[in-house]
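Below you'll find the structure, written out as structure tokens, and then a few comments.
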2 protein chains.
Amino acid sequence: MKGEVKNRRDKIINAFKEKGYRITSQRLAIFDILAKSDEHPSVDMIYKQIKKEFPVTSLATVYKTIVAVKELGEVLELGFSDGCNRYDGQKPYPHPHLICTVCKKICDPDLESLEHVTEELRKESGYKIDHHRIDFFGVCPDCQG
Amino acid sequence: MKGEVKNRRDKIINAFKEKGYRITSQRLAIFDILAKSDEHPSVDMIYKQIKKEFPVTSLATVYKTIVAVKELGEVLELGFSDGCNRYDGQKPYPHPHLICTVCKKICDPDLESLEHVTEELRKESGYKIDHHRIDFFGVCPDCQG
DNA sequence: CTGCATGCAAATAGTTTGCATGACG
DNA sequence: CGTCATGCAAACTATTTGCATGCAG
């Protein structure tokens, strides 16, 4: 098991250690939430959740920690211009999202046909495509009717 | 020619008139830029451009006007979390964009295969898909090498 | 021990808003 | 001429930053 990564949480911890970044209880709490939650939490959601079990944490620390996790490529930031960025610590690489415009739930659809789109674009544009951001907005089954 | 819409500018003007919104010289200047520019300008770019020929215009008016044009569905807002939203007055409906990460140029690629993706998603997710936001990031030919 | 991480508060930046004045229709 | 649009400045909000203190390594 030596050096083996069991889960996303450990992956993030290792990335921090390799960089010589310190492991603090605040950071661990943030890693936990990023690694475990599949709801694509916002900074505020993370902050509120941490406050419950660990009341002595500041918003600034949450922000600073997320910046570091981002730098290490261990979280995907879904920036929204209305000031409610969301974070995906489970799949830190670009992938499409499906967003309910009513309950704001965000989930990860499987979209095999997406490969073709990227390929088509690469061929025809002459761009060196690096990453993408693909969001579909609609009303989820729970919020319909 | 009566009532006929010659171009995007007139389309926007008509939309304003139908709503009983007034046509001012500031608004006309903003419509012009939205309708003519294919560079997906930011509010600031619009503001600076207007200032040249029409020095007595305020940023607030640009913002307020764009809000109105958005409400009428005559401009597409490309919101970015880093606070540099861009606007597309030529094609006010959702469509994919190709963004150069070096020079920040934004262009509209043709992507026929995108239809399949939306269809696949509609079928498999159960969501009522309303709109989407699709950005590809990379380095354009001009900025390569 | 040494320096990086924390918490607090102040600073930042894009956008929005309130209000008095001005001009469209 | 009444009402809505404008310009200014202040308010807002998510995020960032500076600095003194605290704790990881």
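Hydrogens, waters and symmetry mates play no part in the numbers below; they use all other heavy atoms, side chains included.
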Whole angstrom is fine here: how far is it from [atom1] in [X] over to [atom2] in [N]?
X	N	atom1	atom2	value
A/Arg86	D/dT15	CZ	P	12 Å
B/Lys64	C/dT17	NZ	P	9 Å
A/Leu28	D/dA24	CG	P	11 Å
B/Tyr47	C/dA13	OH	P	16 Å
A/Leu59	C/dA5	CG	C1'	16 Å
B/Leu78	C/dT15	CG	P	13 Å
B/Tyr21	D/dT3	OH	C1'	15 Å
B/Phe54	D/dA5	CZ	C1'	12 Å

Check your understanding: So does B/Lys51 reach the base of D/dG7 with its side chain, donor to acceptor, closer than 3.5 Å?
Key ->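 Side chain to base: no pair present.
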
Practice item. Classify the side chain of B/Lys17 versus the base of C/dG25 as yes if they form a donor-acceptor pair under 3.5 Å and no if they do not. Key: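 No pair found.
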
Check your understanding: Of the nucleotides D/dT16, C/dT6, D/dG25, which has the atom closest to the A/Val67 side chain?
Key ->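 Nucleotide nearest to A/Val67's side chain: D/dT16.
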
Practice item. Would you indicate which nucleotide in D/dT15, D/dT6, C/dT2 comes nearest to any side-chain atom of A/Arg22? Key: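 My answer, after comparing the listed nucleotides, is C/dT2.
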
Kindly say if [X] contacts the phosphate of [N], meaning a side-chain N or O under 4.0 Å from OP1 or OP2.
X	N	value
A/Tyr63	D/dT16	no
B/Arg27	D/dA5	yes
B/Thr24	D/dT6	yes
B/Asn85	C/dT15	yes
A/Ser58	C/dT6	no
B/Gln26	D/dG7	yes

Taking [Y]'s backbone N and O only, do any of them form a donor-acceptor pair with [X]'s side chain (distance below 3.5 Å, no angle check)?
X	Y	answer
B/Arg122	B/Ile129	yes
B/Thr57	B/Phe54	yes
A/Arg86	A/Glu39	yes

**Study point:** Toward the 5' end of DNA chain C, by each residue's nearest nucleotide, B/Lys70 or B/Ser25
**Key:**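 Closer to the 5' end of DNA chain C: B/Lys70.
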
Review point. Between A/Thr57 and B/Ile23, which is nearer to the 5' end of DNA chain C once each is assigned its nearest nucleotide?
Key: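 Nearest nucleotide further toward 5': that of A/Thr57.
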
Exercise for review: Test salt bridge (Lys or Arg N to Asp or Glu O under 4.0 Å) on B/Asp135 and B/Arg133 and set out the steps.
Suggested key: CA-CA 7 Å; B/Asp135 294 341; B/Arg133 170 72 184 279; 2.8 Å; yes

Point to revise | Note, A/Glu74 side chain near A/Phe16 side chain (heavy atom, < 4.5 Å) | key: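 Contact flag for A/Glu74/A/Phe16 side chains = no.
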
